[in-house]
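Working notes, structure below.
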Amino acid sequence: MASQLSFSFHFYCVVVCCCFCKIRTPSSSYAGLSGPANWGSLNPKFSTCSSGKLQSPINIIKNRAVENKKLTPLTRDYKLGKAILVNNGFNIGLLYEGSCGVLIIDGKNYTFKQMHWHSPSEHQIDGVQYAAELHLVHLSDSGTIAVVSMLYELGDADPFISKITNRLSDLAKDASAGYEEAHIPIGALDNKLLRKNTRKYYRYVGSLTVPPCTENVIWSVLGKVRTVSKEQVEALKAPLRAEFKMNARPLQSMNGRRVDLYDDKITN
Ligand SMILES: *[C@@H]1O[C@H](CO)[C@@H](O)[C@H](O)[C@H]1NC(C)=O
């Protein structure tokens, strides 16, 4: 009886500990041995993170960006969509159900899939690292990824993040209670707030900034820097574990890549 009890207790412990380990031991992070410098060797699927030649993020040097008159305004058509707030482990994001947005680049449609934040910013402009960066991730039918990036400097609160601030604190409470994979439905958000300020953007070909660091991602980094409050940056970090709170991948080598500039003041 005693041994049976001890066996079930032992079994219970192993099961609980394994679940615990699965959540607690990430395959990659932003610190130590599992940090960005080692992502490429942590898993064969991540090898592009170290061997790739088109990696992101980069430092965009304004006076080296080439004005490209063939670039067109960023056409984005985001509808009111039901979103789910998620703790991706690496970052906090919003997942969208169904088709609630499209980005058109060179006549090709890229469906809006999800958005997530990094802080501090991953991309830099003339060596300036900003307080935060939003990535709007889109996917074409043929599997090409296009990301629109918005940089935020510290200042007034961002109206879009304001709409989800209460939910972010729910997510942080769930995280501290151990529910790190919490999904919080937040209903319909007006995505029009994300559509402003596309008169100027930087375009280059890069990669995902988290493993597996998939390449040939079409980046459009908006030239207009928005503002975010200090409290909002803290709210975006709160649900993340310590080794993910600073979730900017270091700058990657340009390897001869060119950054193009679209500026409607010049083009029109
Ligand atoms: C691309 O998106 C636009 C805008 O939503 C839509 O009008 C058009 O039908 C789409 N084209 C294709 C091929 O899906």
Side-chain angles (χ1 to χ4, degrees), residues 54 56-57 60 65-86 88 91-118 122-123 132-152 158-164 167 183-210 212 214-226 257-268:
L54 305 173
S56 293
I60 294 167
V66 182
E67 179 200 325
N68 183 344
K69 289 195 158 69
K70 284 186 192 144
L71 292 178
T72 51
L74 278 187
T75 310
R76 287 182 287 153
D77 185 11
Y78 297 151
K79 301 180 189 80
L80 207 66
K82 272 193 191 163
I84 300 167
L85 187 66
V86 289
N88 295 318
N91 51 54
I92 300 303
L94 289 170
L95 283 179
Y96 282 80
E97 294 169 348
S99 171
C100 64
V102 66
L103 166 72
I104 305 172
I105 298 176
D106 293 335
K108 189 168 168 175
N109 284 16
Y110 295 78
T111 307
F112 176 48
K113 293 290 178 190
Q114 51 105 334
M115 67 173 94
H116 60 263
W117 287 268
H118 293 264
E122 301 206 291
H123 286 92
E133 179 169 347
L134 172 64
H135 290 162
L136 298 156
V137 183
H138 308 75
L139 187 66
S140 77
D141 285 344
S142 62
T144 309
I145 301 165
V147 185
V148 174
S149 155
M150 298 182 193
L151 298 164
Y152 302 85
D158 174 74
F160 188 80
I161 300 175
S162 291
K163 290 183 176 232
I164 60 164
R167 296 311 194 167
H183 283 51
I184 299 181
I186 52 174
L189 284 177
D190 187 357
N191 293 327
K192 280 196 188 107
L193 284 168
L194 301 172
R195 217 169 45 185
K196 292 187 225 157
N197 306 323
T198 54
R199 292 207 179 124
K200 180 174 173 180
Y201 65 85
Y202 298 96
R203 164 71 47 79
Y204 80 98
V205 177
S207 73
L208 295 181
T209 62
V210 297
T214 311
E215 297 195 320
N216 292 310
V217 170
I218 303 170
W219 280 92
S220 307
V221 179
L222 302 193
K224 168 88 182 174
V225 174
R226 298 163 166 239
R257 278 176 290 175
R258 188 175 99 166
V259 174
D260 284 348
L261 168 68
Y262 169 81
D263 189 339
D264 72 354
K265 287 199 196 82
I266 301 169
T267 319
N268 296 333

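Whatever order the structure lists ligands and atoms in, that order sets their numbers, starting from 1. Worth knowing before you read on, the calculation uses all heavy atoms, side chains too, and leaves out hydrogens, waters and symmetry mates.
Of all protein heavy atoms, the one lying nearest to atom 4 (C) of ligand 1 is Val102 CG1, 3.7 Å. Summary of contacts: the protein heavy atom closest to atom 1 (C) of ligand 1 is Asn109 ND2, 1.5 Å.
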Step-by-step side-chain contact (heavy atoms from CB on, under 4.5 Å) determination, Thr144 to Tyr110: CA-CA 8 Å; Thr144 309; Tyr110 295 78; 3.9 Å; yes

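Within the 4.0 angstrom cut-off, atom 7 (O) of ligand 1 has no protein heavy-atom neighbours.
Side chain of Asp106 to backbone of Lys108: no donor-acceptor contact under 3.5 angstrom is found. Side-chain atoms of Arg203 come within 3.5 Å of backbone atoms of Trp219 as a donor-acceptor pair (strictly under, hydrogens ignored).
Looking at Met115, His135, Arg226 one by one, the single match for side chain to side chain contact (heavy atoms under 4.5 Å, CB included) with Met150 turns out to be Arg226.
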